[in-house]
Structures are given as structure tokens and as C-alpha cells.
There are 2 protein chains.
Amino acid sequence: MSKIENKILTDLVYEKLKIMIDDGVLTPGQKINKLELSKILGVSQTPINDALSRLAGEKFLEQRSRQGYFVRAFSDEELVALFEMRGALEGMAIRLCCENASSDHIEELSRCFEGFSFPLNEKTYMDYVHADKTFHEKIIRYSGNSILWELSRTSGYMIKSNMKGLTRPPEETYPEHVAMIQALKERNGDKAQQLMIQHHLRSRNVFRAKLTKKELNTV
Amino acid sequence: MSKIENKILTDLVYEKLKIMIDDGVLTPGQKINKLELSKILGVSQTPINDALSRLAGEKFLEQRSRQGYFVRAFSDEELVALFEMRGALEGMAIRLCCENASSDHIEELSRCFEGFSFPLNEKTYMDYVHADKTFHEKIIRYSGNSILWELSRTSGYMIKSNMKGLTRPPEETYPEHVAMIQALKERNGDKAQQLMIQHHLRSRNVFRAKLTKKELNTV
DNA sequence: CTAATGTTTTTTGTATACAATATCTATTGA
DNA sequence: TCAATAGATATTGTATACAAAAAACATTAG
């Protein structure tokens, strides 16, 4: 019994565009040419319009009056803001994990960072990047909060804040992750939340510091 | 020099629909008839489509394949989740206020709850509801986080979580607000954030308790 | 050579037509 | 009486046409 495919063209265009943004085929600030798109994808402008509007609503795109749609570009200040937003949401998520997640799920979370020994080599570094991503995703998943989960999958903010690689070296974030897992096992929501918030705010600080350094260089 | 009106029809339809949802002209779960709408608003289906897609992206509406658009209805579980989300975001917002807000803004925040004496009468109760709304809105506003501000204005989640009246009596929430203001004045971000989170989680708990009671009644 | 102007081309925003699908209504049969 | 079916109606999803605005280009004047 295969899944019934009853999707409308709008949805297909929507998903295609999301992938193109994620893969960097469409870059921040880039203009979307509707006519060109409709030719490439072989559909009329109507489903293109619908998909673009939806993506604008989700903040993947930005609509400028009479100029069309552009891939949303985030300013430095906004990127900083995204760290804070993520800290807020994942902080609450990990607290809720302490309340709601099953022991199996917490076990699963703790296994994310098993078997790492420092310093990392090229391969294990990639593994760490992956583990990091998985861990933070699962925290939201297992929080039991369906809204957070939906947001993390459909909000341009969340996807964007997930796209950047590591802002801090694994040596620095590893113990923080371990501490969070410890708090999870203790079902200490308060502590877990605080750790997660600090985790993201530290990354924010490092990111911001890099920015000001960069500015000085370019002047 | 008046503001240049260069708005496109889509935007006008979008704003109109948002007001209709906010005012309860369109109720949760209700189906949106595109043809009817286009007749009422005197525009073609194209701008209607665009506005509906955008609103779906912002979670004000929900699109069901081949059935059209419906005003998004939130389940009890989702409403609970909204309390948690709000706690997360406003918790971070008030922390950022401690970091960033000017003394003037903090003064302004503290004035929100000045002059209330309990028990409230019918008039002062309404004043309190208003003060509550204003306070929480300004916390996000003065956090200096433009993403949180944008979210609070354009996300169906945030608007929805703001629409419900008070879940707890003013007598109960007043001292919590006072405590938050105190933390703001002390620029104690950690404390302020914790107070805000607890504030919303308490509301969540009361809301959830009311739900289970209601269920028992209806059985 | 650059700035300003006018012209052409492109692209958007909007309206409209229509087939496919879903919904509603009436009819039939158990 | 109710369920199931068939037919009629309404609504969606899609394609297409076109005016108006923006962008690109060419031309002229300083």
C-alpha cells in the first residue's frame, strides 16, 4: 500500500524551492524570476505564485512591492537575533523533554555524543557536526510540543539558524552538551533549560565578536 | 508629505483577512470560499490566492489539498503548546531587555502596572487586561531582537496566543508582574527570564487543569 | 566620458477561462 | 427509514492573456 499521492502543483513547487534555497542554488538576496521558474519547472505562473507567497509567509522569501520575490537575506544583527531565538525555543524544548520525554528518548539523546575523543580529525569533526545537528533537532522533537516542532520545520528563521556550521569548536561545546544530557537524565528541567540558553548565548557572543573583528579588518 | 501608497492588491486582501480573523468574522475551522471572497472584496482570484497562501505560511490558515483554505483551529494540546512557546520567547525577550533596553523604556514598562489596587472593579479589570497585553508586547518590542518582534506581529501562533483573555485572575499575576519589573530595574536578566518563564508555565498549568475539568464535565 | 533623457524590453500584478475534483442533492433499493 | 448510488452543482487548482510598472538599454547633451 503506497502513500496516496494527491499533492497539488503548488506543493511540489513549494518543496522544490525550499530545496533550492537549502542547497544554495538560490542565494540570499537573489531575485526569483517567476516566468523563468515556471519555464524551468514546467508549470504555469499560478502555482508558482502560490508557492512564493507561502514561502514569504514562512520567511524564506521576502516580497517587495512591484519588484517581486527575493530570497530572504539576514543582516548581521538579525543573525545574532536568530541565536537568541533558538536559545529561547530550544531552552524551552529541553525543559519539556525533562517533563515529557521517555527514558528511551533520553537514552537516544545521550547516545548522540558518545564515542568522541579529542582532538578530532577531519572525519570525526564531520561526525560531530552531524551529532550536534541531530541532538538539537531531537530535543525539539521529543519535547512533545507540536508547535515547536512545526516551527522548526517550516520557519525560515529556524532553518536558517540551523544552516550555519559550527560557530564554536567542538572542544568547547562538547562539555556543554554532556552537561545538558546529564540534566536530562536527572530530569532537571530548570537546569537543562539554563544550560541550553547559555549554550546558544555563548555561540551568539562568539559570533558577534567575530563580526566586530571582521568589521575592523575591512575598514 | 503623505506616505506613498504603492501597495498591491494582495497586501490589501492580506490585511483585510487578518482583521477578519482577528475580529472573529472568520472563526477557527471555518472554510474560506475564494470565489465568494473575490466577489465581496471586488478583486479577482489571483490576489486572493496570494494572500491566502501567505496567511497559510504564517499559520493563520491551513491548506487542505483540493479542499481549500480553512481558518487554523488549534487543538487543546496545541493551545497548551502555545503557552510554552510564548514563555520561551518572552522569557528570552525580557532577558534581552535587561541587556539592551534603555532606562526610559524600563521606566515605561514599570508604569504599565502602576495604580492598581485590589479587588478590581469591572472597569479596572479591563484596564488590567490592557496593561497585561501592553506589558508583554513592549517586552518583545524593547528586547532589541527584531526577529522576535517580527514573529510576534506576523506569526499566527503569537497572535493566537495573545487573543485569549486572562487565564488567571489579576490578583495572582499582579505580583508576578511586579517581580519581573523589579528584576528589569536590577538588570538581572537571569532572574527576569526565569520569572517570565514561570509566569507563562503557571498559566499553562491552570489552562490545562481547566481542560481536564471540562472533559470530566462533558463526559 | 559622464549624466540625463527617452525608448525598448522584461517582469510583475491582475483578470479571466476552464478542466478536474469535491460537495451537495435527488433517487433508488434494501 | 436508512444506506448507497448517480447525477447536478459548486469550488478548487491550473493555464493563459494582458495592462502597468520596473529594469535594461540606447541616445543625446553637457
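Here is the naming used below: chain letters follow the sequence lines, and residue numbers restart at 1 for every chain.
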Taken to the nearest whole Å, CG/A/L41 to C1'/D/dT14 is 15 Å
Rounded to whole Å, CG of A/D11 lies from P of D/dG13 at a distance of 9 Å
Among the nucleotides D/dT12, C/dT14, C/dT12, whichever has the atom closest to the side chain of A/N49 is C/dT14
The nucleotide from C/dA17, C/dT12, C/dT14 with an atom nearest the side chain of B/Q45 is C/dA17
Judged by modelled atom types alone, do A/K133 and A/N162 share a side-chain donor-acceptor pair under 3.5 Å? no
Between CD of A/E36 and P of C/dT9 the distance, given in whole Å, is 20 Å
Taking C/dA15, D/dT14, D/dG13 as options, the one with an atom nearest any side-chain atom of B/Y69 is D/dG13
Of the candidates D/dT12, D/dA15, C/dG13, the side chain of A/P47 sits closest to D/dA15
Nearest-nucleotide check on DNA chain D, A/I8 vs A/K31; residue mapping nearer the 5' end is A/I8
When rounded to whole Å, the CG to C1' distance for the pair A/N33 and D/dA21 reads 15 Å
Of the candidates D/dA21, D/dA15, C/dA22, the side chain of A/R66 sits closest to D/dA21
B/F70 atom CZ is separated from C/dA22 atom P, nearest whole Å, by 12 Å
Closest non-hydrogen atoms of A/P47 and A/L9, given as atom of the first, atom of the second and distance, are CB-CB, 3.9 Å
(Q) Is the ring pair B/H136/B/H199 parallel, tilted or perpendicular, if the boundaries are 30 and 60 degrees? (A) parallel
- [ ] Output yes when at least one side-chain N/O atom of A/Q67 is less than 4.0 Å from OP1 or OP2 of C/dT11, else no.
- [x] no
Sugar-phosphate, base or nothing in reach of A/L35, heavy atoms under 4.0 Å: base
From CG of B/L52 across to P of D/dT14 the rounded distance in Å is 14 Å
Point to revise | Lys/Arg-Asp/Glu bridge criterion (N-O < 4.0 Å) met for A/D11, A/R54 | key: yes
Taking the six-membered ring for Trp, are A/Y142 and A/H105 parallel (under 30°), tilted (30 to 60°) or perpendicular (over 60°)? parallel
- Task: Respond yes when some side-chain nitrogen or oxygen of A/T10 is under 4.0 Å from OP1 or OP2 of D/dG13, and no when none is.
- Result: no
Practice item. Could you check whether B/I32 gets within reach of a base, just the sugar-phosphate, or nothing at all, counting any heavy atom under 4.0 Å? Key: sugar-phosphate
When rounded to whole Å, the NZ to C1' distance for the pair A/K39 and C/dT10 reads 10 Å
To the nearest angstrom, the CZ-C1' distance between A/R64 and C/dT11 comes to 15 Å
Margin query: Categorize B/D50 for me: base, sugar-phosphate, or nothing, with a 4.0 angstrom heavy-atom threshold over every strand shown.
Written below: nothing
Considering only heavy side-chain atoms of A/S44, the closest of D/dT12, C/dT21, D/dA15 is D/dA15
ask   = Does B/K34 have a side-chain nitrogen or oxygen under 4.0 Å from the phosphate oxygens OP1 or OP2 of D/dG13?
value = yes
Compare all side-chain heavy atoms of B/Q198 with those of B/R202 and state whether any distance is below 4.5 angstrom. yes
Residue pair A/S65/B/G68 against DNA chain D: nearer the 5' end by closest nucleotide is B/G68
